[in-house]
Amino acid sequence: MKFTAEQIAGILEGEVVGDPNAEVSKLSKIEEGENGSLTFLANPKYINYIYSTKATVTIVNDSFVPEQEITTTLIKVEDAYAAFSKLLHFYNQVKLNKTGIEPQSFMSEGTKYGENLYLGSFSYVGQNVVLGDNVKIYPNSFIGDNVVIGDNVFIFAGAKIYSETVIGNNCTIHSGVIIGADGFGFAPNENGEYSKVPQIGNVILEDNVDVGANTTIDRATLGSTIIRKGVKLDNQIQIAHNVEIGKNTVIAAQSGVAGSTKIGENCMIGGQVGIAGHLIIGNNVRLQAQSGVARNIKDDEVLQGTPSLGYTDFNKSYVHFKNLPKIVAEVEELKKQIINPKNGNNG
């Protein structure tokens, strides 16, 4: 699709300086701009590129005044970075705005769905499913029985949504995600074998939740595994049964949360963090990458390490740890001097 500078300025509430009819059909970095592309300048470190870029249109801050001749058409806005981000969102929405039910897909009788549904080929929709407006289900996806999905939800190729799952509005489920598989529940018997404990709960995703590729969220044993409003989960994360994650918490890739742990609001959890089960993590907690958490954490704590320590304590301890060989050698030398004082330095 092609857009003119004037159309883009209208979307961004900006001012065109140059050719309002200049057309663009793609996006680019300012240093890699080419004819027909749109770019932006927000970081002063890249200001030299505006004089050499071949991009047709460039978004800049209102305060920008060129000191040399430029060939690119400018769109002046209050905040170039925010404006470009808004445009990326708009571009993505247009690109993903598919509608219709493709051949080789299956939808059970009685499925209820709203306007502008897209159902890709080889997808399956089970019984008693309710789909809101503008739901996009890409090819090879599975939607189990009794699933409820809100408005403006994207479910990308190969995602699997098990039965009884509830997904709110404006959620994005990326490829390979599995929501609602059985939690890891087994009980030992007298023979030392493990019998499966039925997992009969479900998973609830509230509004504005993003789930990254190949992340898994297990259904509850009883009740619900709950991902609250605004949570963002990266790729390859494991969320176990009966976990609850508070609103606007973000978790980076390859982290795992064991069963029945409750994580508070506005937490930031780094990559490869492991959190044991049946814990309570407070609000505004920061867990640095590769931390191992085996205790409850109060509000506003910042932790690192395994087992996790206060962030400042960890850094102080690490200074001594990396000097440990030298410290040990000094201790051994002191021991020798105590045992054989005549070998010491008597001054």
(message) For residues 39-49, which residue pairs pass the side chain to side chain donor-acceptor pair (under 3.5 Å) check, not counting sequence neighbours?
(response) none

(message) If you count every heavy atom of other residues, nucleotides or ligands that lies below 6.0 Å from Glu78 atom CD, does the total exceed 12?
(response) no

(message) More than 12 heavy atoms of other residues, nucleotides or ligands under 6.0 Å from CD of Gln127: yes or no?
(response) no

(message) Show me the pairs that pass side chain to side chain donor-acceptor pair (under 3.5 Å) and involve residues 245-271, at least two apart or across chains.
(response) Gln254-Gln272

(request) Scan for side chain to side chain donor-acceptor pair (under 3.5 Å) pairs involving residues 28-37, sequence neighbours excluded, and state none if there are none. (result) Lys26-Glu34, Ser28-Ser37, Asn35-Thr56

(request) Applying side chain to side chain contact (heavy atoms under 4.5 Å, CB included), name anything that partners Leu27, two or more places apart in sequence or on another chain. (result) Leu38, Phe84, Leu88, Tyr91

(message) Can you list everything that forms a ring pair (Phe, Tyr, Trp, His ring centres under 6.0 Å) with Tyr113? Sequence neighbours excluded, please.
(response) none

(message) I'd like to know whether CE of Met268 has more than 12 heavy-atom contacts from other residues, nucleotides or ligands below 6.0 angstrom.
(response) no

(message) As a test of understanding, state which of Asn169, Asn170, Asn116 forms a side-chain hydrogen bond (donor to acceptor under 3.5 Å, both in side chains) with Asn152.
(response) Asn170

(request) Just jot down the side chain to side chain contact (heavy atoms under 4.5 Å, CB included) partners of Ala42, sequence neighbours excluded, or say none. (result) Phe40, Ala80, Tyr81

(message) Quick check: is Ile239 connected to Ile297 through a chain of hydrophobic side chains (ILVMFWY, heavy atoms under 4.5 Å apart)?
(response) yes

(request) Write out all pairs satisfying salt bridge (charged side-chain N to carboxylate O under 4.0 Å, His left out) with one or both partners inside residues 187-208, taking only residues at least two apart or from two chains. (result) Asp182-Lys196, Glu206-Arg228

(message) Under a 3.5 Å distance rule, please check whether Asp299 uses its side chain to pair with a backbone N or O of Gly282 as donor and acceptor.
(response) no

(message) Using the rule that Ile, Leu, Val, Met, Phe, Trp and Tyr join whenever any side-chain heavy atoms are under 4.5 Å apart, tell me whether Ile280 and Leu287 fall into a single cluster.
(response) no

(message) Would you compute the distance between atom CG of Leu303 and atom CD of Gln288 and round it to the nearest 0.5 angstrom?
(response) 8.5 Å

(message) Hydrophobic clusters here meaning ILVMFWY residues chained together by side-chain heavy-atom distances under 4.5 Å, can you tell me if Val153 and Tyr162 are in one?
(response) no

(message) For the CG atom of Asn284 and the CD atom of Glu301, what is their distance to the nearest 0.5 Å?
(response) 12.0 Å

(message) Rounded at 0.5 Å granularity, tell me how far CG in Leu41 sits from CZ in Phe64.
(response) 6.5 Å

(message) If the condition is ring pair (Phe, Tyr, Trp, His ring centres under 6.0 Å), which residues does Phe186 pass it with, not counting sequence neighbours?
(response) Phe184

(request) Please indicate whether Tyr194 has more than 12 foreign heavy atoms, meaning atoms of other residues, nucleotides or ligands, lying under 6.0 Å from its OH. (result) no

(message) If the condition is ring pair (Phe, Tyr, Trp, His ring centres under 6.0 Å), which residues does Tyr138 pass it with, not counting sequence neighbours?
(response) Tyr118, Phe156

(request) Decide whether Phe90 and Ile75 are clustered together by the hydrophobic rule: side chain heavy atoms of Ile, Leu, Val, Met, Phe, Trp, Tyr closer than 4.5 Å, transitively. (result) yes

(message) Quick one: does any side-chain atom of Asn208 pair with a main-chain N or O of Lys229 as donor and acceptor, under 3.5 Å?
(response) no

(message) Once side chain to side chain donor-acceptor pair (under 3.5 Å) is applied, what residue pairs with a partner in residues 62-76 remain, sequence neighbours excluded?
(response) Thr58-Thr72

(request) Using the salt bridge (charged side-chain N to carboxylate O under 4.0 Å, His left out) rule, collect all pairs that involve residues 106-132, keeping only residues at least two apart or in two chains. (result) none

(message) So, using ring pair (Phe, Tyr, Trp, His ring centres under 6.0 Å) as the criterion, who are the partners of Phe142 when residues are at least two apart?
(response) Tyr124

(request) With Glu164 as reference, evaluate Asn202, Asn128, Asn146 under the side-chain hydrogen bond (donor to acceptor under 3.5 Å, both in side chains) test and give the passing residue. (result) Asn146

